[in-house]
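Here's the structure we're looking at; comments come further down.
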Amino acid sequence: MTEETITLCTIDEIPPNSSKGFTVGKHTIFIVNSAGQFHAYLNRCPHLGIRLEWQPDQFLDNDARLIQCATHGALFLIETGLCIAGPCAGQRLTKLACHLTNQQLCVTLPSSPA
């Protein structure tokens, strides 16, 4: 299969310094709005392969400065997905292409294996 670009929501649905999760087919993804800059990732911790959030749409630490895995506390940079603390330090979240079209957030999903 090929990559697919989908529209997820309007930018107003994810306020600044917050995050929101989505399930699209077999993909679970999340978007972070970091002061008006949007970043999209697969919702999968590189350490255990599990979802990151501890409750719906809660992907950030208390200061909303880092992405945090609820299971083991790994911390990831919002801009790059690089793990800077925890058992998967040096590994990265899978970043997805994200762009705006008419105030809508669009994300390119990865190709599915045949």
Side-chain angles (χ1 to χ4, degrees):
M1 294 179 83
T2 60
E3 292 180 336
E4 177 185 9
T5 299
I6 60 158
T7 301
L8 290 176
C9 64
T10 65
I11 60 172
D12 296 339
E13 293 178 56
I14 309 173
N17 304 314
S18 72
S19 55
K20 185 170 179 65
F22 300 88
T23 299
V24 181
K26 66 177 187 164
H27 297 286
T28 57
I29 61 178
F30 67 98
I31 306 276
V32 176
N33 179 348
S34 178
Q37 297 294 311
F38 294 91
H39 304 275
Y41 293 95
L42 287 181
N43 185 1
R44 187 173 191 275
C45 180
H47 176 230
L48 296 176
I50 57 174
R51 294 171 73 140
L52 295 163
E53 77 272 33
W54 57 279
Q55 49 179 279
D57 303 326
Q58 299 297 314
F59 295 92
L60 303 177
D61 66 352
N62 290 336
D63 297 328
R65 293 186 181 180
L66 297 166
I67 298 165
Q68 183 173 23
C69 179
T71 300
H72 51 70
L75 297 171
F76 303 86
L77 297 175
I78 291 173
E79 298 79 14
T80 64
L82 176 67
C83 182
I84 59 168
C88 51
Q91 295 180 338
R92 292 179 186 272
L93 298 172
T94 302
K95 191 165 179 85
L96 302 174
C98 179
H99 67 275
L100 298 177
T101 302
N102 299 322
Q103 302 298 307
Q104 301 279 323
L105 280 167
C106 301
V107 172
T108 301
L109 298 173
S111 300
S112 299

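Please read these numbers as outputs of a predicted model, since none were measured by experiment. The figures here come from the full heavy-atom set of this structure, side chains too, leaving out hydrogens, waters and symmetry mates.
Here the CG atom belonging to Leu77 is positioned 8.0 Å from the CZ atom belonging to Arg92, to the nearest 0.5 angstrom. To the nearest 0.5 Å, atoms CD1 (Ile31) and NZ (Lys20) are separated by 10.5 Å. Ile11 CD1 to Thr101 OG1: the interatomic distance, rounded to the nearest 0.5 Å, is 11.5 Å. To the nearest 0.5 Å, atom CZ of residue Phe38 and atom SG of residue Cys9 are 7.5 Å apart. Here the CD1 atom belonging to Ile14 is positioned 12.5 Å from the CG atom belonging to Asn17, to the nearest 0.5 angstrom. We find the OH-CD1 distance between Tyr41 and Ile29 to be 13.0 Å, quoted to the nearest 0.5 Å.
In terms of hydrophobic clustering, with Ile, Leu, Val, Met, Phe, Trp and Tyr side chains grouped at heavy-atom distances under 4.5 Å, Ile84 and Val32 are assigned to different clusters. No continuous path of ILVMFWY side-chain contacts below 4.5 Å connects Phe76 to Ile50, so the two sit in separate hydrophobic clusters. In this structure, Val107 is a member of the same hydrophobic cluster as Leu100, with clusters built from ILVMFWY side-chain heavy atoms closer than 4.5 Å. There is no path of hydrophobic side-chain contacts, each under 4.5 Å, that joins Ile78 to Leu75.
Environment of CG in Asp63: crowded, with over 12 heavy atoms of neighbouring residues, nucleotides or ligands closer than 6.0 Å. By the 6.0 Å contact criterion, CD on Gln104 is enclosed, its count of non-hydrogen atoms from other residues, nucleotides or ligands being greater than 12.
Closest non-hydrogen pair, Leu105 versus Cys98, comes out as CD2-SG, 3.9 Å. Considering every non-hydrogen atom in both Leu60 and Ser19, the closest pair reads CG-OG, 4.0 Å. Here the shortest heavy-atom pairing between Pro110 and Leu96 reads CD-CD2, 3.8 Å. Closest approach of Thr28 and Arg51 over heavy atoms only: CG2-NH1, 3.5 Å. Between Leu93 and Pro46, the shortest heavy-atom contact is CD2-CD, 3.7 Å. Residues Leu52 and Cys45 come closest through the heavy atom pair CD2-CB, 3.6 Å.
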Test log, rule side chain to side chain donor-acceptor pair (under 3.5 Å), inputs Asn43 and Glu53: CA-CA 8 Å; Asn43 185 1; Glu53 77 272 33; 2.7 Å; yes

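Between the side chain of Lys95 and the main chain of Glu79, a donor-acceptor pair closer than 3.5 Å is present. Although no hydrogens or angles enter the test, the distance criterion places a donor-acceptor pair under 3.5 Å between the side chain of Asp57 and the main chain of Gly21. The closest donor-acceptor contact from the side chain of Asp61 to the backbone of Leu66 lies under 3.5 Å.
Classified by interplanar angle (parallel below 30°, tilted 30° to 60°, perpendicular above 60°), the ring pair Phe30/Phe59 is parallel.
Between the side chains of Thr5 and Thr108, at least one donor N or O lies within less than 3.5 Å of an accepting N or O.
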